[in-house]
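Following: one structure in structure tokens, then a few remarks.
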Amino acid sequence: MPEEISGINENKSGDNAMNFLERIIEDDIRSNVYRRSVHTRFPPEPNGYLHIGSLYAININYGAAKRFKGAFNLRFDDTNPLKEDMEYVNAIIEDMKWAGYDPGENIFFGSDYFDRIYELTLKLIENGRAFVCDLTPDELRESRGTLTTPGINSPYRDRSVEENLKLFDGMKNGIYSTGEKVLRAKIDMSAANINMRDPTIYRVLNADHYRSGDKWRIYPMYDYAHPIQDAIENITHSLCSSEFKDHRPLYEWVLNALSFAFPEPPKQREFGRMSITGAITGKRYLRQLVSQGYVDGWDDPRLPTIKGLRRRGFTVESIYDFLGDIGVARDNSTVDISMLENSLREDLKPKAHTVMAVLDPLPVEIINYPEGAEEWVVVENNAENPELGSRELPFSRNLLVEREDFMEVPEKGFRRLYLGNEVRLKGAYFIKCEKALKDENGNVIKLLCTYDPATKSGGGFTGRKVKATLHWLDVNHTLPARINLYGRLLPDENISGEEPDWPRLVDPDSLIAMENARVEESLSSARPEEKFQFIRHGYFVADIHWKPSEKLVFNRIVALKDTKKKG
RNA sequence: UGGGCUGUCGCCAAGCGGUAAGGCAAUGGACUCUGACUCCAUCAUCCGUAGGUUCGAAUCCUACCAGCCUAGCCA
């Protein structure tokens with residue numbers, strides 16, 4: 001198997017600080033625990049899609065292998081035929097590649113080891129380390145005892161090796177029904193660690209497996225199969241999440257019982273799980289949301305799945321950066337979503353085009369601008385990155401500005417549009433608000449302004465300064481749009497006309513739904529390769545696609561940061 | 001309740017006996033053709049609590065408290 005780890009981006013901080021797991025590995029290397037090089041693995045069960053938490057686990061294993069120039073395996077832990085499917089293995093591989101953790105040729109399946117595990121199990125039985133148990137699930141649970149009381153030995157615990165071998169053969173050959181018999185490790189029913197109370201290591205399951213088909217009627221349990229899988233793949237460090245800490249003694253028991261086959265057994269070490277505030281985490285719950293139709297699918301932008309994040313506009317770089325930022329700890333952590341958002345912002349900042357958009361339009365008429373005239377003004381795509389160039393926007397007598405950029409009675413500190421105040425329209429001119437037209441209810445429906453031709457952008461005007469710069473759109477070159485549940489702006493063909501019934505770009509219902517799902521920052525992406533950026537009052541609006549020859553096309557919008565406004 | 005693990009700023013997180021890094025968030029200010037960005041400043045006399053050891057402790061010891069995991073023929 002290839003030992004090469006494909007390169008991924010370095011941690012932005014560039015520091016070489018090792019996390020505690022890497023320090024453990026380093027110690028092992030120093031004391032020559034293994035004659036082979038570091039080898040880690042990521043063992044997802046193919047029963048769901050990868051999410052940000054999975055990436056955290058991948059990053060830890062992959063990162064350790066990379067740091068010590070070792071190898072990394074992707075192994076599908078598919079020992080339960082009832083829950084697994086090929087759809088998930090394909091999605092997992094795809095997502096890992098997208099995220100920059102390409103396992104290359106090192107893709108394995110636990111189900112490929114069924115034969116080997118079976119053979120080893122025969123030896124285990126021959127050595128008197130396992131026995132076939134006829135207890136029903138209920139009886140087994142009863143006899144296991146509780147947290148405070150020890151379990152009692154199974155009446156079948158002392159069957160002879162011959163009998164166990166014969167029964168196990170029967171299990172294998174499918175002469176028993178599902179659940180009728182199990183194979184148990186013979187350890188200690190009074191152990192304080194319940195995992196050691198003669199745990200079940202094989203069960204009869206008359207079910208076909210998505211890969212091995214109908215070949216097997218018995219399937220090994222995770223606790224038994226996992227250490228063997230690791231050992232078969234020459235894993236040195238099996239880094240998993242902390243809920244498996246209590247399983248470590250069993251992991252070691254199995255490999256010890258099989259030491260004749262695995263002289264240099266891998267070791268399991270644990271790290272705390274990572275979750276993100278407001279994110280729905282946990283495969284079981286995610287699957288429920290998908291299967292019950294609460295979301296579009298695994299790639300719903302409201303989900304913290306890889307596909308969801310991707311559709312929501314997150315870049316690989318930003319995610320990797322985020323993982324580097326949060327570190328690795330022994331205890332579970334809940335990272336604030338703002339950290340993830342910050343990573344995206346940092347990444348997009350120099351790469352994204354800055355585009356103008358108006359979410360809640362307020363018409364503006366430049367009363368001293370010639371009727372019917374039109375000119376094109378130049379706006380930089382990204383002031384921070386001149387290489388992104390500039391583009392032209394149409395400017396005319398009738399414009400739109402953001403409704404919140406006007407206040408009839410300015411609050412203290414408000415420096416945008418109000419009667420008599422002058423502001424700059426980005427890339428265009430200074431305009432001064434002369435009058436606000438209202439409807440019969442007193443609502444401002446239009447602003448009458450004047451502009452100063454001398455202040456045209458790029459003209460070097462220094463005569464006077466202005467306190468604010470606003471974004472705007474030309475009314476005839478704007479595609480009305482409506483925001484949907486996912487924060488996606490949808491073109492709405494039905495909206496047109498001289499005095500259009502301006503859509504509420506964010507309708508209350510959507511906001512409530514989005515709030516409930518904690519996705520007020522969500523978006524969807526039609527073209528992940530195009531990154532645009534719009535920042536307004538702290539909001540990010542990404543991927544708004546401008547084609548000079550056509551109309552303004554909104555592809556997606558995201559508000560990543562709700563900065564408190566000052567006036 | 002038994003066993004295991006963890007407790008350092010609102011959130012992540014360094015620190016590993018020598019007198020509390022950094023990031024996110026927040027706050028104040030400067031700057032600005034997007035109230036963004038950038039910049040500058042502030043932000044734990046204290047490391048779950050109480051004792052103890054030591055010249056000296058977040059780091060060692062003891063007790064207590066809190067949180068998480070654990071009684072699948074799931075992984």
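Everything quoted here is computed from the prediction, not taken from an experiment.
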Could you tell me how far G56(B) sits from G18(B) if I compare only their P atoms? Round to whole Å. 15 Å
Could you work out the separation of G22(B) and U8(B) based on their C1' atoms and round it to a whole Å?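 After rounding to an integer number of Å, I get 13 Å for this pair.
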Just to confirm, is there a sub-4.0 Å distance from OP1 or OP2 of [N] to any side-chain nitrogen or oxygen of [X]?
X: Arg248(A); N: G3(B); value: no
X: Arg345(A); N: A25(B); value: yes
X: Arg424(A); N: G35(B); value: no
X: Lys465(A); N: U32(B); value: yes
X: Thr79(A); N: A75(B); value: yes

Side chain to side chain donor-acceptor pair (under 3.5 Å) with [X]: which residues, sequence neighbours excluded?
X: Ser241(A); answer: Glu243(A), Arg273(A)
X: His209(A); answer: none
X: Asp95(A); answer: Lys307(A)

Please, which pairs that meet salt bridge (charged side-chain N to carboxylate O under 4.0 Å, His left out) have at least one residue in residues 192-209 of chain A, sequence neighbours excluded?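 Passing the test, one end in residues 192-209 of chain A: Arg157(A)-Asp198(A), Asp208(A)-Arg217(A).
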Salt bridge (charged side-chain N to carboxylate O under 4.0 Å, His left out) pairs, two or more places apart, involving residues 170-196 of chain A: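 Listed once each, the pairs are Asp134(A)-Lys181(A).
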Most 5' of Gly458(A) and Asp78(A) on RNA chain B, judged by nearest nucleotide: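 Its nearest nucleotide being more 5', the pick is Gly458(A).
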Holding to salt bridge (charged side-chain N to carboxylate O under 4.0 Å, His left out), I want the full list of residues that pass it with [X], two or more places apart in sequence or in another chain.
X: Asp452(A); result: Arg464(A)
X: Arg211(A); result: Asp112(A)
X: Glu139(A); result: none

Please work out which residues in residues 42-52 of chain A have a non-hydrogen atom less than 4.0 Å from an atom of RNA chain B and list them by number. Glu45(A)
At a heavy-atom distance below 4.0 Å, what parts of residues 192-210 of chain A sit against RNA chain B?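 Contacts with RNA chain B under 4.0 Å: Ala192(A), Ile194(A), Thr200(A), Arg203(A).
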base_contact_polar (C12(B) base, Ser333(A) side chain, donor-acceptor, <3.5 Å): no
Looking at U1(B), which nucleotide sits across from it as a Watson-Crick or G-U wobble partner, both distances under 3.5 angstrom, or is there none?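 The base-pairing partner of U1(B), which may sit in any strand shown, does not exist here.
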Rounded to whole Å, please give me the gap between CD in Glu243(A) and C1' in G3(B). 17 Å
Dump the pairs, protein N or O against N or O of nucleotides 38-44 of chain B, anything under 3.5 Å, distances to one decimal.
{"residue": "U38(B)", "atom": "OP1", "partner": "Lys349(A)", "partner atom": "NZ", "Å": "2.8"}

List, with names and distances, any nitrogen or oxygen atoms from the protein found under 3.5 Å away from nitrogen or oxygen atoms belonging to nucleotides 4-9 of chain B.
{"residue": "U6(B)", "atom": "O2'", "partner": "Asp331(A)", "partner atom": "OD2", "Å": "2.8"}

